[in-house]
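Have a look at the structure below before the remarks.
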Amino acid sequence: MREINDQVTAELEKKAKILRREVIKMLGKAGSGHPGGSLSAADIMACLYFWEMKYDPQRPDWEERDRFVLSKGHVAPVLYAALAESGFFSGEKLASLRQLGSPLQGHPDLRKLPGVEASTGSLGQGFGWAVGMAMAAKLDRRDSRIYVLLGDGEMQEGIVWEAVMAANQYKLDNLTAIVDNNGMQIDGHLSEIMSVEPIAPKLKEFGWNTREIDGHHIPGILEALEEARNSKGKPFAIVAKTIKGKGCSFMENQVDWHGKAPSADQIDQALRELA
Amino acid sequence: MEQVATRDAYGQALKRLGEKYRDVVVLDGDLSKSTKTADFAGAFPDRFFNMGIAEQNMMTVAAGLAASGKVVFASSFAIFAVGRAFEQVRNSIAYGQMNVKVCATHAGVTVGEDGGSHQSVEDIAIMRAIPNMQVVVPADGPSTVQAVNAIYHEPGPFYLRLGRSKVPTIYTDEMDFKIGRAIKLREGKDVGILACGIMVAEALRAASALAAAGIEAAVLDVHTIKPLDREAVLQVARETGCLVTAEEHSVIGGLGGAVAELVSSEFPVPVEKLGIPDVFGQSGKPSELLAFYGLTSDKIVELARNAMGKKAHK
Ligand SMILES: Cc1ncc(C[n+]2csc(CCOP(=O)(O)OP(=O)(O)O)c2C)c(N)n1
């Protein structure tokens, strides 16, 4: 087993910073998109793509690979940044985000970009997709693991809970769901709009193993992923407390930064902070 | 020409409706700033309910409110209001003829950069196929305002289709809007152009271009797709002998489908359908996407010539 030490943590922190910088640059260039939820998920994405998951960017359809489904598909930029940094395609492509003809669609499109495992963007649907992938892996006795990232607002969708039940029923211990628990959606705080708390106890009652972590603390994320990997007989949920807009001071915990692009000045400031 | 997004007009009209009538209740699914129901929410917080990202539940809740005497306006993006919540709209709202107005914004490809997952190109066809459901697609700000008032006063389920982007204002505030009554914007005997939504302005431009070439095109704003104004459509068909339909929607089952269904049995004439071919949308600027899918006055002109060429006796 690989050891989680300071050096690993420092490496992954560096990767997370790269992802955040790319997100800011991409959105600035595109002129639209979703920064808040991209930045809150950056540390989780770094841990998944640069530590936890096994995949081969030269063979995106390698059967034995682990699979990641971005159920909160609006944060496509952080996925694209991770895929580029992993070598699925050239980083130069990132500049084409959201432009006519670009494989980097506003929401992930599996027919357009290598490494994208599911076409998402309609909230709630990626979760069921991941359940299906986990069922297929079991059917084929493949040792590949399935990861799905959900927004907490996304959990307001009824189909999320349908997927939760299915994963429990079929004992999908090869499935790990990670909730980006930043407490915000578009119109405000979840607590004021439609509360889904407490998330972890609910999932536990639905038959899942769960762990609550700080979603910006790299060693904590890695330990939770390891626990999920070793957990048998039940699906595993990691409820990661995060800060929407994390890493960019003027975006942190600001509802307004859910879905708009930074101006040129704001990009400069953000990149300085993420230097 | 002044430019107003129909969703902005919707937000303003809804707020004014709330000032006048106590029974107006508004629901949204975490998109109130985009659908503009936030205008109503700010003015009448006690009659606005944010139902969260849960469109299916929102629609059944709307039916329950309507069953208790409320006139409910339920909003989301077209793709989620129609797509995610289809069966709730059908069985909870339309089946029981509940007084719910499904008012969806961000219809069509002018959603732009969000891409194909968010661009509903099939919502008119889906809503039109539901019994009891009436379907209205306004062309501009003033007609949207009038439509919102009209559907409030007409009991029963409605689907109001609105857009994200600013569109040219065609009408004055005093325009005469009646549900199910198409508006003749231009007389002509050579070809009839029937349009809805953002394509009405393009139809008018196309008619001007055709006039410059000596072709007289009639233009009809078919803002109500269902119930279709049969008389108006058939009259244009009789007067011109060939039709072009234009809509920001799939060529399958929308305005073009409705018109073709009617004339094929009542007064068969060639119908050229301009719309999005049988494909999904994609990311891009709204203007780029309109050009990419040929939703332009130039294309209407081209199809008008095609339609004329297919007339039985020229
Ligand atoms: C079915 C569906 N309804 C509505 C939307 C519009 N939408 C996009 S993002 C979003 C808020 C998501 O909140 P959350 O899941 O908490 O994501 P985060 O805050 O992490 O960005 C909404 C309502 C959607 N994409 N899909």
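For the residue pair A/Arg98 and B/Asp114, the shortest heavy atom distance occurs at NH2-OD1, 2.7 Å. Closest non-hydrogen pair, A/Ile186 versus B/Asp30, comes out as N-OD2, 3.1 Å. A/Gln156 approaches B/Ala54 most closely through the heavy-atom pair O-CB, 3.5 Å.
Interface remark: B/Phe292 contributes side-chain atoms only to the contact with chain A (heavy atom separation under 4.5 Å). When heavy atoms are compared at a cutoff of 4.5 Å, B/Asn57 does not approach chain A at all. Of the atoms belonging to A/Ser102, not a single heavy atom falls under 4.5 Å from chain B. Using a 4.5 Å cut-off between heavy atoms, B/Ser283 touches chain A through backbone and side chain atoms alike. With a threshold of 4.5 angstrom between heavy atoms, A/His74 does not approach chain B through any atom at all.
Residue pairs satisfying the salt bridge (Lys or Arg N to Asp or Glu O under 4.0 Å) criterion with at least one member in residues 105-120 of chain A, sequence neighbours excluded, are listed as follows: A/Arg65-A/Glu117, A/Asp109-A/Lys112.
Using a 4.5 Å heavy-atom cut-off against chain A, the contacting residues of residues 78-94 of chain B are B/Phe80, B/Arg84. Contacts with chain B (heavy atom to heavy atom, under 4.5 Å) involve these residues of residues 123-136 of chain A, listed by number: A/Leu123, A/Gln125.
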Practice problem: With side-chain contact (heavy atoms from CB on, under 4.5 Å) as the test, would you mind laying out the steps for B/Ile53 and A/Gln185 before giving the verdict? | Solution: CA-CA 9 Å; B/Ile53 313 168; A/Gln185 52 192 114; 3.6 Å; yes

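Scored by the salt bridge (Lys or Arg N to Asp or Glu O under 4.0 Å) test, B/Lys285 finds B/Glu288 as partners (sequence neighbours excluded).
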